[in-house]
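Residue numbers begin at 1 in each chain, while the letters A, B, ... track the order of the sequences.
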Amino acid sequence: MGVAVTPILALDDVSKHFGPVEVLHGLSFALYPGEVHALIGENGAGKSTTMKILAGYQPASSGRILLNDAAVTFDTMRDAEEQGIVMIHQEFNLAELLTVEQNMFLGRELRRGPFLRGAEMQRQTREHLARVECHADPRAPVQELSNSDKQMLEIAKALSRDARVLIMDEPTAVLTSNETEILFQQVRALRERGTAVMFTSHKLDEVKAIADRVTIMRDGKVVFSGPAEGLSEHDMAEAMVGRELSDLYPARPETVPGEVVLRVRDLDVPGHARDIGFELHRGEILGIAGLVGSGRTEAMEGLCGLRPATGAVEIEGEPVTIRRPSDALDRGLCYLTEDRKTRGLLLDKSMRENVTLQALPRRAGMMIDRAGEERILDEAIRDFDIRGARGVRVGNLSGGNQQKLLLAKVMQSEPRILVTDEPTRGIDIGTKQQIYRFLRGLADRGTSVIVVSSEMQELIGLCDRVLVMRLGRITGQLAGRDITERGIVRLAMGIAQEPGSRTGQGDVTPASNTIDADRPT
Amino acid sequence: MTVIGPVVALIALIVIGAMLNPNFLGYANLTNVLSRSAFIGIIAVGMTFVITAGGLDLSVGSMAAFIAGLMIVVMNAALPVLGVGLPVILLGVATALIAGLIAGLINGLLITKVGIEAFIVTLGTMGIYRSLVTWMADGGTLSLDFGLRTFYRPVYYDGILGISWPIIVFALCVIVGEIFLSRGVFGRHVAATGANAEVAHYSSVNTTRVRLATYVLLGLLVGVATIMYVPRLGSASQTTGILWELEAIAAVIIGGTYLKGGFGRVWGTVIGVLILSLIENILNLTDHVSPYLNGAVQGVMIILAVILQRGAKTGK
Amino acid sequence: MTVIGPVVALIALIVIGAMLNPNFLGYANLTNVLSRSAFIGIIAVGMTFVITAGGLDLSVGSMAAFIAGLMIVVMNAALPVLGVGLPVILLGVATALIAGLIAGLINGLLITKVGIEAFIVTLGTMGIYRSLVTWMADGGTLSLDFGLRTFYRPVYYDGILGISWPIIVFALCVIVGEIFLSRGVFGRHVAATGANAEVAHYSSVNTTRVRLATYVLLGLLVGVATIMYVPRLGSASQTTGILWELEAIAAVIIGGTYLKGGFGRVWGTVIGVLILSLIENILNLTDHVSPYLNGAVQGVMIILAVILQRGAKTGK
Amino acid sequence: QDTTVIGVSIPAATHGWAGGMNYHAQATVDRLEEVYPQLDFVLATASNAAEQVNDIEDMVATRDIAALVVLPFESEPLTGPVQALSESGIWITVVDRGLSVEGIEDLYVAGDNPGFGRVSGEFFTQAMPDGGQIVVLRGIPTTIDNERLAGFEEAIEGSGIEILAAEHGNWNRDDSFTVMQDFLSRYPQIDAVWASDDDMAIGAMAAIDAAGRDDIQFVLGGAGMKEMIQRTMEGDEMVPANVTYPPAMIATAIEMTAVGMTSNAPVSGTFTIGSVLITPENAEQYYYPDSPF
Ligand SMILES: Nc1ncnc2c1ncn2[C@@H]1O[C@H](COP(=O)(O)OP(=O)(O)OP(=O)(O)O)[C@@H](O)[C@H]1O
Ligand SMILES: Nc1ncnc2c1ncn2[C@@H]1O[C@H](COP(=O)(O)OP(=O)(O)OP(=O)(O)O)[C@@H](O)[C@H]1O
Ligand SMILES: [Mg+2]
Ligand SMILES: [Mg+2]
């Protein structure tokens, strides 16, 4: 690369508007064979829109798409796919009721006459999945898959299509570092074979690690496009947000934690988590780490009444029974889901209806005050920097802005104990910083926060204390300076329990049924 | 969401009617049409809530027949004790409301708690209520005592300021329903449940209770409709309320509510009800059509009304 | 997906039937029940496709009546020219198939191309076909010429190896339908369209054509059902096929197909059809129940059958 | 305004007999509009009582009818509304089913449902002097059906004829076919069938034929459908008789009303059209090959 080859796919002065709102303004950049091209930018900058135009999912309002230097129009994504352009969407593009194999081959079934070659498709599905080390059963309905398995299925599906151009919109948002690494191996192999790969990510370390070329967008315009070499993560971040960025994580206060506000004992979530016990103090940020599938989400959902669970829970010293989410909400316990699309937001409704949905019975009496709702939305847009047309259906907001809206929605209930599950999934670095500050600010004002996260750095940078889960149980906790990557990984992988392995930087407290916050001072 | 669509279809019908017959826009005809739309109208208001929450109820027609039969049996039985007068009527009213509430509750519980498809549950209860009224009437007709009927009759035929009671009650149901669906917390929860029950659940909406409540509300409104229906004919039989469920559902959908749930509007339903009633009324205004073909004209008009409506939408 | 559920309900019914009447399991009774089920069964196979693709068709009952009427009119008219014999019958068969195809196409086009809700379109065409047959019959009954009827009769009553033709045709439709739905490319696209039309569309499935095809298929199968129906009594009137649509839809849902689309199975539908027919059969074989209450028992049994089915699922 | 409008309100053709009645009503209206240029007719069909009241309301509100010919869907619910019309001076002709209050109508052309059952029952007692076992197919559950069955039961009382079972065939060929098939499975010996209606008789006979059973001596239908009359006329042993309940009574009523509206001829009063037994001997009199019924 670097040699002057003709671009395989390029945008020339492309603009796009939805109704009166223009979201892309005269965009131009090129994609070369055999390179990995990262498209980065803030939430709502227009990355997904750009990619959809490239792959023929949406028409451009003006400007040209050049394929091998010739202008083309894709009437349907089928046209683009026939030219070898394959895209993985930011939002899953899978039919939940259908099986893994049915989704893998949807629209391109292997056939013998009018009949399906079922066994052959299953075999190939298994093969394609194996390439990305995914072990989902081809016969399982997609709705039973975890988010990361769904993502791996999308990736495997795209890889199976022998693309000349592979476009991936935030493929790693729901992946763990392990899975990300598997994906990157595949990407490198594709690059060797001359495929052009374009992807977006808000994880700049990934961009740094794999991209050959970087295009940075801000407010629908390209502000930088050039080789990745010599561009540091910090440079990228500042170019994206257009201002200086200070420390990503807020300073940790050196105060002693307050009294215990939440005490959980023997929490069982059948099939997912067992013997969960911990305490949460006033003004504390407690992280929960673990591999995907370790049952963190289920444990927290069980705690908040979102799925059947048994156990003893005390809030502010009082034993409570939580059977349904409203019971939890009545006690000031509130959960922010990791799955904004199917559990978080009503995609067909407006921002106004979404932002007040949860808090409605508490804020309003019987009737809704429309003007009041508009005020709440004004505040939410301001506080969480939500960008996008006000009246737009929420499904048309950019992914990151959906996430911000979700956070705003949960905060409407004024929780005293806030459980957040992957709170910064799909959020750009500038906004991440704001969210971290926001959470720390909440804690400083006496709210207790739980952060379930697969981003190790986030836990290390933000949390006062971290619990680690493995196979549905808590295997240990780390506090203060002991919160390190190695320490977490050891507990998450189960290495720490082996005798004699307690070495290294992280000092590890082995699991017991109830872990007290014996924080070193 | 198109606001203008259903209204355009309605206006077109009114123009046709007025052209066909000069009496069409007369006070007497309009009162007739509006009063008799009231039964299905009141039921359709409840149906709007059920459908918006993602449900369906096929049993309302037979439920109305059953409640009407029950009211008559109870009032006739109480007559020797209470005599003709307000107490008997109040007893009948209470019977209708309680029976409606219980019937709605049964549908709702089977659907939400036992978890059977609304289509199957209400198809089942549709058969059950229809049979029960046939059985109560011994295959014939249940009739309200004649004296009592004369006393109760004004509830259908009289009114205030020239507006008959059924129209007043219908209008009240519509106004309250519209306000609650579009501005009430309950209405918001209903729409959220229909749009995505899981998201609603994660937003602490008790979706089971919301869905149950829509069926109970519908049952109650069937009770209210029956209270207005009995004084009209003073009788109930196995043919009472036949096909009301289809008419109510059609009115709801013509009005712009989504059959899959998630969005509903009561005022649209009213337009739907009026469109259906006017089609029938207009067919009686002329003899250009063989009565055998009434159903065909009705079918064509329903489809045309919806096309007109959709057309007005895309036109905007 | 539970495999055992509907079967359990069916077996329970068979046991009840056998206990109530020794003739229940006899060859004659079983042949009767199966042959009678064939019409609704054949239609329900098509309905399985429509519902799996996320659609609905309320018009099938009146469509059957209309096609039967048309067949009779056409065959009677051709009789003087062609004489009693195979050619007339073939003409009738062709009429039924073509009429079914066109009727299905009309429904399908209005739904997919004009974009009106299936519920409204098919409610409209339901009224239209019902009216047309009433009109063709002048309010009465259309009867096949007596000589021709005698000639055509064996198509319903005879068979091979003691299995009557309707049963054979029904079985064929089921087998072919099941294979295409579960193992055919078309079936997979049908399920994908019903599961998530947008995703299917993005995966280059022509969802419009798929949905259209399901309605056409259903129309064709209504034609096939009518071909088997006419030789039975040789007549059609406006009461032909009343409520077949509800029965067919109920059978499909009892069989485990999702009313919202995305998953369907033809063999389940067969079980559903048999459950519904057996309930009726059992009620006629006993006199424990007042005939007025037949509908109630049917309703209760439908709900119970589904509960039993769901129970077997959770039990697994 | 010179024209006088006559409203005709009848039940829709939901079964064979009603279909015949619809036919006669329409044919008569067409014919009379020719004969009397000064008359205008409004014909409306309803599928339940409430709809019928709607129709009548519409006729009054928009068509200014001077006379109403009504075949009540059910007596009770129609009584009030028709009474109101009568009080406002509109001529009322009631057909077949009487209203539940006497003296409302100006002209009553009555059918006789208990009589229909009684005549049928009397035929059974004659045809089966030694008694026997029969099954009964009933119509749509209505008062009419109840009255017919009651008349029938009264007539066979003490004759040794036993009703094995009675189920609703809804005046429908398909339904009666199904019910009859199941009756045949249930009872090894059935001597005769009272199908109570010719549509149901056709369905029942098809089931009997198909089962190849020869224990059943005859099936008695009713209402005089032309195919069935023809079979009786030809001496078919399965169809030895029929009982009239002529759908043409509506034509009589409309015609008499028209005469009443156009002349001073006295047409008021009650005309009962009794049910008559049709046998091979008199069948020819009741055979109308042109009627659709
Ligand atoms: N169909 C649509 N209708 C209206 N506005 C839209 C539509 N699709 C996208 N937008 C708007 O276009 C803008 C760009 O959105 P896009 O999804 O491309 O952002 P993005 O860069 O991918 O952001 P993120 O990092 O959050 O995913 C947003 O303001 C969004 O609301
Ligand atoms: N909708 C679902 N249906 C069935 N099983 C599921 C579903 N969602 C998740 N699971 C399974 O439950 C287990 C734990 O879920 P999950 O992966 O959400 O755990 P987690 O620890 O919260 O991980 P993460 O939040 O990183 O995804 C996994 O085995 C997963 O496959
Ligand atoms: Mg995006
Ligand atoms: Mg999780």
Do B:Tyr202 and A:Gln358 come close enough that some side-chain heavy atom pair is under 4.5 Å? no
Contact class of A:Arg340 relative to chain B, heavy atoms under 4.5 angstrom: neither
For B:Ala192 and A:Leu357, which heavy atoms make the closest approach, and how far apart are they? CB-CD1, 3.9 Å
What part of A:Ser326 is in contact with chain B, defined as an atom under 4.5 angstrom from a non-hydrogen atom: side chain, backbone, both or neither? both
Within residues 204-221 of chain B, contacts to chain A at heavy-atom distances under 4.5 Å involve B:Ser204, B:Val205, B:Asn206
Do you know which two heavy atoms are closest between A:Ile368 and B:Gly184, and how far apart they sit? CD1-O, 3.4 Å
Assert top hit (heavy-atom pairs under 4.5 Å, partner chain A, pool B:His201, B:Glu198, B:Arg188, B:His189) equals B:Arg188
Quiz: residues 97-116 of chain B side-chain donor-acceptor pairs under 3.5 angstrom, not counting sequence neighbours:
unit_1   : atom_1 : unit_2   : atom_2 : d
B:Asn107 : OD1    : B:Thr125 : OG1    : 3.0
B:Asn107 : ND2    : B:Asp57  : OD2    : 3.3
B:Asn107 : ND2    : B:Ser59  : OG     : 3.0
B:Thr112 : OG1    : B:Gly108 : O      : 2.8

So, taking the atom named OG1 in B:Thr193 and the one named CG in A:Leu346, what distance separates them when rounded to the nearest 0.5 Å? 9.0 Å
For A:Leu345, is it the side chain, the backbone, both or neither that has a heavy atom under 4.5 Å from a heavy atom of chain B? backbone
Say you draw a straight line from CG of B:Asn196 to CG of A:Asp348; how long is it, rounded to the nearest 0.5 Å? 9.0 Å
Could you give all pairs that pass the salt bridge (Lys or Arg N to Asp or Glu O under 4.0 Å) test and reach residues 319-334 of chain A, with sequence neighbours left out? A:Glu318-A:Arg331, A:Asp330-A:Arg362
Side chain, backbone, both or neither: which part of A:Leu329 has a non-hydrogen atom closer than 4.5 Å to chain B? side chain
Starting at CZ of A:Arg370, measure out to OG of B:Ser182 and round the result to the nearest 0.5 Å. 6.0 Å
List the residues meeting side chain to side chain contact (heavy atoms under 4.5 Å, CB included) with B:Ser35, not counting sequence neighbours, and say none if there are none. B:Thr31, B:Tyr156, B:Ser164, B:Pro166, B:Ile167
